[in-house]
Amino acid sequence: MATIQERIKELEDELRNTEYNKATQKHIGLLKAKLSRLEGDLMSQKKGGGEGFAIPKSGDATVALVGFPNVGKSSLLNDLTDQESEIGNFAFTTLRAVPGTLNYKGAQIQILDLPGIIENASVGSGRGREVLSMVRNADLILIVIDVRVKGVEKIVFELQRAGIVLNRRRKNIGIHRNNTGGIRIQKPRNVNIEEDQIKEILNEFRITNCDLYIRESIDSDDLIDFLRGNTVYAKALYVVNKIDLPHSQSDIDELSRFGKVVKVSASSHTGIEELKEAIYQELELIRVYLREKSGEIDMERPMVLRKGAVVREVVRKISREMLSSFRYAIITGPARKQSELRVGLNYELLDQDVLTIISRN
Ligand SMILES: Nc1nc2c(ncn2[C@@H]2O[C@H](COP(=O)(O)OP(=O)(O)OP(=O)(O)O)[C@@H](O)[C@H]2O)c(=O)[nH]1
Ligand SMILES: [Mg+2]
């Protein structure tokens, strides 16, 4: 009997050789489901080894540099942070994770330089599994590309195989497994996937009795990512490096179908400020300033939070006692129309809000 690896290889070959169109759409969905399930089996066989490089997260957010070897990841780390990571004109110069800190607009952003990944990284090639387990925990992924080298879809594919889905969001799907009763599906009318295909995919994951609740429009990839479990949905920026070298503009244009593209040259330091700004934007961080009792505002050291954060998070960061004695907060700031806003703990903050916290004592 073929080993799991051999079956994975066969499926990959078939996937590669199947052109995507209306007629093959369903078949491709099924191939992907099979592949995903087999990879799950392979991962659980190979316990251990996927532990990462034990770099603790630090700062306000973590960004991982991912790409083929020799594309300039370490050069970029050195440009973005005060850290020095070794640079070499050959593959696999970097052999472990090297962290650095980017200070930008008051935020401290941890940047992780990682060893290059190659095809089959997700199933163990190179230090692939360690690298990918670091990537899983990042808040943003920079896919670094050498402007002369094609094949970014291979990187995206390896990430997906490792359960890291880029620039898509988790869909609202629920499942309740039963012991009998077959498969029951509830779905809205506009779902981009037919009932028999859903059943085939469920079967592939060895689910024969369940209630499946699909609460919005999904495609087969969404369903597979859901059933696979442990999928992380990450944001990614595509960083095209070495644009100082001769290249084809149309190759760069093609990349925009994957996501936002930033062009840089690490060695001649071009595009680096734009990259910092793009990282900051993509992380959706907001800065909140605190007004002290004296009335002074510390403009140098904002508190950096995620977009959507509420007053409670600020208060909690200050101290637990503050949280229990909290009465209300006063907000002012460039994003506010009213001059002074009196709010409670669940009020959402905006970038550059100035907060005065009023406590009971
Ligand atoms: N021309 C040019 N060369 C660059 C640029 N950035 C990096 N390089 C060169 O590309 C080679 C690889 O750079 P690294 O930063 O070591 O690449 P890496 O992606 O970290 O490589 P690995 O650690 O092996 O995965 C070195 O010779 C760099 O000097 C650039 O913007 N332009
Ligand atoms: Mg390197």
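Heads up: numbering here begins at 1 and tracks the sequence. Just follow the structure's listing: the first ligand is 1, and inside any ligand the first atom is 1.
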Contacting atoms of ligand 1, where contact means under 4.0 angstrom from a heavy atom of [X]:
X      : value
Phe92  : 24 (O)
Leu245 : 1 (N)
Pro69  : 25 (O)

Fill in: ligand 1 contact on Val144 by region, counting heavy-atom pairs under 4.0 Å
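For Val144, there is no contact with ligand 1 at all, from either part.
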
Worksheet entry | Mode of Asp244 contact toward ligand 1 - side chain, backbone, both, neither (heavy atoms, under 4.0 Å) |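 For Asp244, the contact with ligand 1 is made by the side chain alone.
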
Fill in: Polar proximity ligand 1 side, Val71 side, N/O cut 3.5 Å exclusive
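For ligand 1, there is an N or O atom that lies under 3.5 Å from one belonging to Val71.
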
Worksheet item: ligand 1 and Ala91, any nitrogen or oxygen pair closer than 3.5 angstrom?
Response: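 The answer is no, given that Ala91 and ligand 1 share no N or O pair closer than 3.5 Å.
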
Worksheet item: With a cut-off of under 6.0 Å to the ring centre and 45° to the axis, is Arg342 in cation-pi contact with Tyr328?
Response: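 Checked: cation-pi criterion met.
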
Worksheet item: Which of parallel (below 30°), tilted (30 to 60°) and perpendicular (above 60°) describes Tyr238 and Phe258?
Response: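 Tilted: the ring planes of Tyr238 and Phe258 meet at 30° to 60°.
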
Worksheet item: Under 2.8 Å from the Mg ion (ligand 2), is there an N/O/S atom belonging to Thr94?
Response: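 Under 2.8 Å: Thr94 contacts the Mg ion (ligand 2) through an N, O or S atom.
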
Worksheet entry | Between CD1 on residue Ile193 and CD1 on residue Ile201, distance to nearest 0.5 Å |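 Here the rounded value is 4.5 Å.
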
Discussion item. Please list the nearest protein heavy atom to atom 30 (C) of ligand 1 with its residue and the distance rounded to 0.1 Å.
Written reply: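 Result for atom 30 (C) of ligand 1: Ser267 OG, 2.9 Å.
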
